Amino acid sequence: MPELRSKAKEILELVRECVKEFESLSEEKRRELIERYTAELKPKEERKEKILPPLERAEKGKVVMRFAPNPNGPPTLGSARGIVVNDEYCKIYEGKFILRFDDTDPRTKRPMIEAYEWYLEDCEWLDAKPDEVVYASKRIPIYYEYCEKLLEMEKAYPCFCSKEEFKKYRDSGVECPHRNTSAEDSLEIWEKMLNGEFDEGEVVIRIKTDMKHKDPAIRDWVAFRIIYEDHPLVGDEFFVWPTLDFESAIEDHLLGITHIIRGKDLRDSELRQRYIYEYFGWDYPITKHWGKVSIHEFGKLSTSELRKEIEAGKYQGWDDPRLPTIRALRRRGFKPEAIRKFILSLGVGENDVAVSVKNLYAENRKLIDPIANRYFFVWDPVEIKIEGLDRVVDVKIPLNPKKGGYRVLKGSNEVYICREDFDRLKEGDVIRLKDFCNVRLIDKDKAIFEFEGFELRDVKKGKNIIHWLPKQDVVECYVYGVERDYKGFAEKNALNDMGKVVQFERFAFCKLEKFDEVLRAVYTHP
RNA sequence: GCUCCGGUGGUGUAGCCCGGCCAAUCAUACCGGCCUUUCGAGCCGGUGACCCGGGUUCAAAUCCCGGCCGGAGCACCA
């Protein structure tokens with residue numbers, strides 16, 4: 001009842017009186033009153049699971065957003081944020097999602113030709129298939145057109161200052177001598193640039209902003225520069241390249257982008273680009289910026305860093321299971337939905353986030369635990385003998401506690417167990433081979449155990465149930481891990497789940513990748 | 001240095017714009033218990049936070065001011 005707020009003081013008085021009156025009543029009477037009135041109160045409304053905060057001034061059906069990477073490597077968990085968050089908003093508002101390659105620098109951040117395809121693949125896999133794909137490097141003439149307009153309007157000019165010279169002008173807030181070049185002269189110089197009459201670094205096109213702008217970063221910025229280098233996608237067709245700020249400013253308008261969400265490192269871009277929007281009379285999209293993400297286990301998610309390490313041979317490739325690339329996570333058997341949820345759980349705040357990959361594991365676990373079949377994998381195996389067990393028994397073990405179903409192992413007197421389980425035992429200890437039987441260690445040096453019975457209850461207490469494998473009917477198994485790789489044996493039954501994610505009990509979830517004499521699996525997560 | 005932006009449990013996040021349903025959400029981590037069988041899965045429970053100081057107000061996580069701490073940009077990179 002907000003209309004009563006202004007009368008709060010009077011109401012407070014009334015409340016006090018009521019409380020006094022209530023306190024003077026008998027215990028029984030009080031109970032009765034409480035029951036009578038609380039019954040009328042509505043239960044607190046359930047809070048809906050709000051995944052993302054609403055987008056400012058967004059109308060259903062009219063939202064257009066984009067994710068604009070430079071494809072200089074495959075998408076990582078960092079890129080996935082741009083993909084998933086933009087796509088998610090498009091889904092919420094039934095908008096249009098555009099993937100745009102901002103690939104206008106053939107040298108310093110040189111695009112990687114395969115990466116274009118990788119972005120397409122990974123977007124689709126992440127359930128974020130773009131409605132439209134745009135390649136900036138294929139649309140250079142469009143940017144030239146707008147540059148010419150600005151030169152005509154004398155809102156841009158060719159500048160012959162060296163980087164260092166211009167820095168002085170920028171820092172002191174003084175206009176450089178080239179700033180008042182006439183439209184006519186500017187266009188002539190521009191023509192010569194396009195004809196290849198200048199060397200790299202000799203001349204650039206600058207956008208006029210305000211040389212007295214309080215933030216030096218905004219003052220007359222570069223829109224075009226000359227780079228004589230083949231572009232991986234379009235070859236040597238162009239050598240006058242727009243900078244990101246220019247290309248992106250034009251494209252965002254042309255594509256009708258309504259909302260931009262991107263890293264806060266690009267916050268100043270908005271300030272710079274607004275000048276162009278003002279000159280052309282365009283409306284700037286609504287922007288939102290987020291901080292950096294780093295993941296404890298992976299560190300910073302920089303593509304160029306990863307590239308160096310791959311080239312140095314530290315990793316096997318871009319899908320090495322130790323890498324934070326989307327291809328690696330896919331190879332490890334993560335569900336796209338888990339990655340989406342994980343990313344959305346980071347929100348869209350401006351502070352930097354440092355989060356543990358365990359959150360991603362937890363999301364994925366919820367999805368795969370109910371469906372993943374269980375198998376035994378014995379790494380660093382130790383062969384043990386069980387005395388007093390003369391027959392081979394069929395051991396039925398549940399495939400999945402929720403789904404039901406069984407697999408069968410031949411329980412015999414020669415089995416493998418994990419070295420780490422064996423090592424912690426001392427002679428006389430009794431352990432249970434899960435679902436099979438109980439055994440007592442009698443000779444540690446020779447790894448000899450004694451059969452103690454099939455009954456579970458004898459050893460149920462404690463932490464004495466371990467997994468095992470019969471010496472027969474196993475396959476060699478190699479697991480590509482994150483911390484380390486594992487070698488050992490897996491039960492043959494696992495071959496029925498080739499290509500799937502299974503849970504190796506007491507080890508981890510793993511994706512069974514291929515079988516070539518050896519079962520090769522990739523570690524998913526615990 | 002100049003400019004801009006942030007600070008909610010161990011971690012991430014919701015709430016902040018529009019002050020009261022907030023003794024603060026959800027998740028993860030951690031701890032404890034449960035399970036005719038995963039010491040590494042599952043199920044149940046528990047611990048745990050509004051950066052500090054002032055101000056405005058009947059009422060502040062929310063508004064204002066100051067401080068402290070953190071981040072980003074200041075490229076012919078994206």
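Labels below follow one simple rule: chain letters A, B, ... track the order of the sequence lines, proteins then strands, and each chain is numbered from 1. Computed from a predicted model, the values in this text were never measured in an experiment.
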Counting only Watson-Crick pairs (N1-N3 plus N6-O4 or O6-N4) and G-U wobbles (N1-O2, O6-N3), all under 3.5 Å, who is the partner of [N]?
N: rC68(B); result: rG7(B)
N: rG42(B); result: rC34(B)
N: rU25(B); result: none

Minimum-distance nucleotide to [X] side chain [options: [options]]:
X: R374(A); options: rU37(B), rG73(B), rA41(B); result: rA41(B)
X: R206(A); options: rU28(B), rA41(B), rC76(B); result: rC76(B)
X: D215(A); options: rG6(B), rC77(B), rU3(B); result: rU3(B)
X: R267(A); options: rC5(B), rG71(B), rC74(B); result: rC5(B)
X: R506(A); options: rG12(B), rA78(B), rG40(B); result: rG40(B)

* Identify whether the distance between the nearest side-chain nitrogen and carboxylate oxygen of R107(A) and E229(A) falls below 4.0 Å. => yes

[atom1] gap between [N] and [M], integer Å:
N: rC52(B); M: rA61(B); atom1: C1'; value: 14 Å
N: rC50(B); M: rU25(B); atom1: C1'; value: 13 Å
N: rG20(B); M: rG10(B); atom1: C1'; value: 31 Å
N: rC2(B); M: rG12(B); atom1: C1'; value: 33 Å
N: rA24(B); M: rA49(B); atom1: C1'; value: 9 Å
N: rG66(B); M: rC58(B); atom1: P; value: 24 Å
N: rU47(B); M: rC51(B); atom1: C1'; value: 22 Å
N: rG9(B); M: rC76(B); atom1: C1'; value: 48 Å

Flag side-chain contact, heavy atom, 4.5 Å: [X] against [Y]:
X: W118(A); Y: Y116(A); answer: no
X: Y523(A); Y: D485(A); answer: no
X: R206(A); Y: R219(A); answer: no

In terms of relative ring orientation, are [X] and [Y] parallel, tilted or perpendicular, with 30° and 60° separating the classes?
X: Y275(A); Y: H213(A); value: perpendicular
X: F509(A); Y: H525(A); value: tilted
X: F507(A); Y: W379(A); value: tilted

* Residue whose nearest RNA chain B nucleotide is more 5′ - G347(A) or W379(A) -> G347(A)

* Starting from the 5' end of RNA chain B, give me the residue, P242(A) or S345(A), whose nearest nucleotide shows up first. => S345(A)

Using a 4.0 Å heavy-atom cut-off across all strands, classify [X] as base, sugar-phosphate, or nothing.
X: D421(A); answer: base
X: N351(A); answer: sugar-phosphate
X: N70(A); answer: sugar-phosphate
X: E420(A); answer: base
X: C418(A); answer: nothing
X: Q503(A); answer: base
X: R170(A); answer: sugar-phosphate

* **Phosphate OP1/OP2 of rC77(B): any R225(A) side-chain N/O under 4.0 Å** => yes

* Any donor-acceptor pair under 3.5 Å between the side chain of D102(A) and the base of rC77(B)? -> no

* Asked: Taking N and O atoms by type only, does the side chain of E363(A) place a donor or acceptor under 3.5 Å from a partner on the base of rU28(B)?
  -> no

* Asked: How far apart are the C-alpha atoms of S137(A) and D103(A), what are their side-chain angles, what is the distance that settles it, and do they pass the side-chain hydrogen bond (donor to acceptor under 3.5 Å, both in side chains) test?
  -> CA-CA 6 Å; S137(A) 58; D103(A) 55 348; 2.8 Å; yes

* RNA chain B contacts made by residues 103-116 of chain A, counting heavy atoms under 4.0 Å -> T104(A), D105(A), K109(A)

* Kindly say whether K308(A) contributes a backbone atom to a donor-acceptor pair with the side chain of E311(A) at under 3.5 angstrom? => no

